[in-house]
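Below is one structure, written out as structure tokens; comments come after it.
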Amino acid sequence: MKIENAVALVTGANRGIGLAFARELLDRGARKVYVGARDPATVTQSGVQALRLDVTQPEDVATAAALASDVSLLINNAGIAQPGGFLAADSEDVARRIFETNFFAVLRMSKAFAPILKANGGGALLNVLSVASWMNGGELAAYSASKSAAWSLTNALRNELAAQKTQVLALHMAYVDTDLTRGFDVPKSSPEEIVKRALDGLESGLDEVLADEITLQVKRGMTAPRPSYLPQAS
């Protein structure tokens, strides 16, 4: 898919990776960029069209779909995280809250905008996932589980939307320098470099973008031959 002259909608776009997506889309010649935020007043980027959009609220999603019926690129970026393991006292409540944003909202947005993408020639859907889609050390247990579920959802959507010629891209990366990771003393990529790689991959027709070295290393480990001392597939 080509960005130039496209009409895009980015969820969670008032800061961080979402804001970087909005800016890069404008720089690449997108005709219109809708940015979704719970409070449109927090959107300060010029040249975009702000939408009141809490992705956990079905009525907000339905309203956004009605207002943005010209969208040819949907970027499901909105996401939340909370530290903690599955044995914490509040883990069930935390998991439900995180899954509502990181999984069910992606499903909700995708269902709402799939017919719109079809009507506008197919277009593309880009889901912002994580290296945590493939690993869970327990520090961000519910977040990692939600991204694993969102990865599975993305793979299924790719198959379901193929007939209408909608490109579906999964974006995976490790730590990015945003408010979400402010308390983590680890190497981080900038939102801008992650977004540039994501949109380069989209324009190249890719199904998946591994946007940093850590993610590449983890994926290589997943696809490496199994050691001889482990059971082999028959």
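Remark: the backbone N or O of Arg31 is not paired with any side-chain donor or acceptor of Asn5 at under 3.5 angstrom. A donor-acceptor distance shorter than 3.5 angstrom exists from the side chain of Ser133 to the backbone of Ser130, with no hydrogens or angles considered. No donor-acceptor pair closer than 3.5 Å links the side chain of Thr101 to the backbone N or O of Gly79. Panel note: side chain Ser146, backbone Phe99; no donor-acceptor pair is recorded below 3.5 Å. A donor-acceptor contact shorter than 3.5 Å links the side chain of Asn102 to the backbone of Ile80. No side-chain donor-acceptor contact under 3.5 Å links Ser91 to the backbone of Gly85. The backbone N or O of Gly123 lies less than 3.5 Å from no partner atom in the side chain of Gln167, so there is not a single donor-acceptor pair. Side-chain N or O atoms of Asn120 include one that pairs as donor or acceptor with a backbone N or O of Val71 at under 3.5 Å. Although no hydrogens or angles enter the test, the distance criterion places a donor-acceptor pair under 3.5 Å between the side chain of Ser144 and the main chain of Leu140. A donor-acceptor pair under 3.5 Å is formed between the side chain of Asp212 and the backbone N or O of Thr215.
Residue Ala95 comes nearest to Ala142 through the heavy atom pair CA-CB, 3.8 Å, listed as atom of the first residue, atom of the second, then distance. Among all heavy-atom pairs drawn from Leu171 and Ala211, the shortest one is CD1-CB, 3.9 Å. Ala78 and Gly12 get closest at one heavy-atom pair: CB-N, 3.9 Å. Taking every heavy atom of both residues into account, Gly122 and Thr166 meet most closely at O-OG1, 2.7 Å. The two residues Tyr143 and Ala132 have their closest heavy-atom pair at CE2-CB, 4.0 Å. Residues Ala150 and Leu129 come closest through the heavy atom pair CB-CD2, 3.5 Å.
Residue Ser204 holds its OG atom at 13.5 Å from CE of Met1, rounded to the nearest 0.5 Å. Between Gln82 atom CD and Asp93 atom CG the span is 10.0 Å, to the nearest 0.5 Å. Separation of atoms CG (Asn77) and CG (Leu126) is listed at 9.0 Å; rounding is to 0.5 Å. Here the straight-line distance linking atom CG of Leu117 with atom NZ of Lys165 works out to 14.5 Å at 0.5 Å rounding. Remark: Met222 CE to Trp134 CH2 distance equals 6.0 Å, nearest 0.5 Å. One distance of note links CG of Leu157 with CG of Leu169; it measures 12.5 Å at 0.5 Å rounding.
Leu153 has its side chain out of reach of Asn155: every pair of non-hydrogen atoms, C-beta onward, lies at least 4.5 Å apart. Using a 4.5 Å heavy-atom threshold, the side chains of Asp207 and Arg158 count as touching. Here the side chains of Glu24 and Lys196 are in contact, with some heavy-atom distance below 4.5 Å. With contacts defined as side-chain heavy-atom distances shorter than 4.5 Å, the pair Ser110/Val106 qualifies. In this structure, Glu208 and Leu210 have side chains that are in contact, with non-hydrogen atoms separated by less than 4.5 Å.
A chain of hydrophobic side-chain contacts below 4.5 Å, direct or via other Ile, Leu, Val, Met, Phe, Trp or Tyr residues, connects Val7 to Val61. A continuous path of ILVMFWY side-chain contacts below 4.5 Å connects Val10 to Val128, so both sit in one hydrophobic cluster. With hydrophobic clusters built from ILVMFWY side chains whose heavy atoms lie under 4.5 angstrom apart, Leu73 does not share a cluster with Leu161. Taking hydrophobic clusters as Ile, Leu, Val, Met, Phe, Trp and Tyr residues chained together by side-chain heavy-atom distances below 4.5 Å, Leu9 shares a cluster with Leu125. Cluster annotation: Leu19 and Phe21 are assigned to distinct hydrophobic clusters (Ile/Leu/Val/Met/Phe/Trp/Tyr, side-chain heavy-atom contacts under 4.5 Å, transitive).
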Verdict with reasoning, Asp200 to Leu202, per side-chain contact (heavy atoms from CB on, under 4.5 Å): CA-CA 5 Å; Asp200 285 348; Leu202 185 75; over 6 Å; no

Candidate pair Ile17 and Met173, rule side-chain contact (heavy atoms from CB on, under 4.5 Å), full reasoning: CA-CA 11 Å; Ile17 296 173; Met173 67 280 184; 3.4 Å; yes

Derivation of the side-chain contact (heavy atoms from CB on, under 4.5 Å) call for Arg38 and Leu53: CA-CA 5 Å; Arg38 287 190 177 95; Leu53 179 56; over 6 Å; no

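With respect to Glu203 and Arg28, a salt bridge is recorded, a charged nitrogen being found less than 4.0 Å from a carboxylate O. By the 4.0 Å N-to-carboxylate-O rule, Glu193 lies close enough to Arg197 to be salt-bridged with it. Between Arg108 and Glu100 there is a salt bridge, since at least one side-chain N of the basic residue sits less than 4.0 Å from a carboxylate O of the acidic one.
Within a 6.0 Å radius of CD in Glu92, other residues, nucleotides and ligands contribute 12 heavy atoms or fewer. The 12-atom threshold is not exceeded at NZ of Lys118, counting heavy atoms of other residues, nucleotides or ligands nearer than 6.0 Å. Remark: Glu59 CD is packed, more than 12 non-hydrogen atoms of other residues, nucleotides or ligands lying under 6.0 Å away.
With no hydrogens or angles considered, a side-chain donor-acceptor pair links Thr154 and Asn127 at under 3.5 Å. Defined by atom type and a distance below 3.5 Å, a donor-acceptor pair is missing between the side-chain atoms of Asp60 and Thr63.
Between His172 and Trp151, the angle of the ring planes goes over 60°, which puts this pair in the perpendicular group of the 30/60° scheme.
The side chain to side chain contact (heavy atoms under 4.5 Å, CB included) test with Val35 is passed by exactly one of Ile75, Val43, Leu25: Val43.
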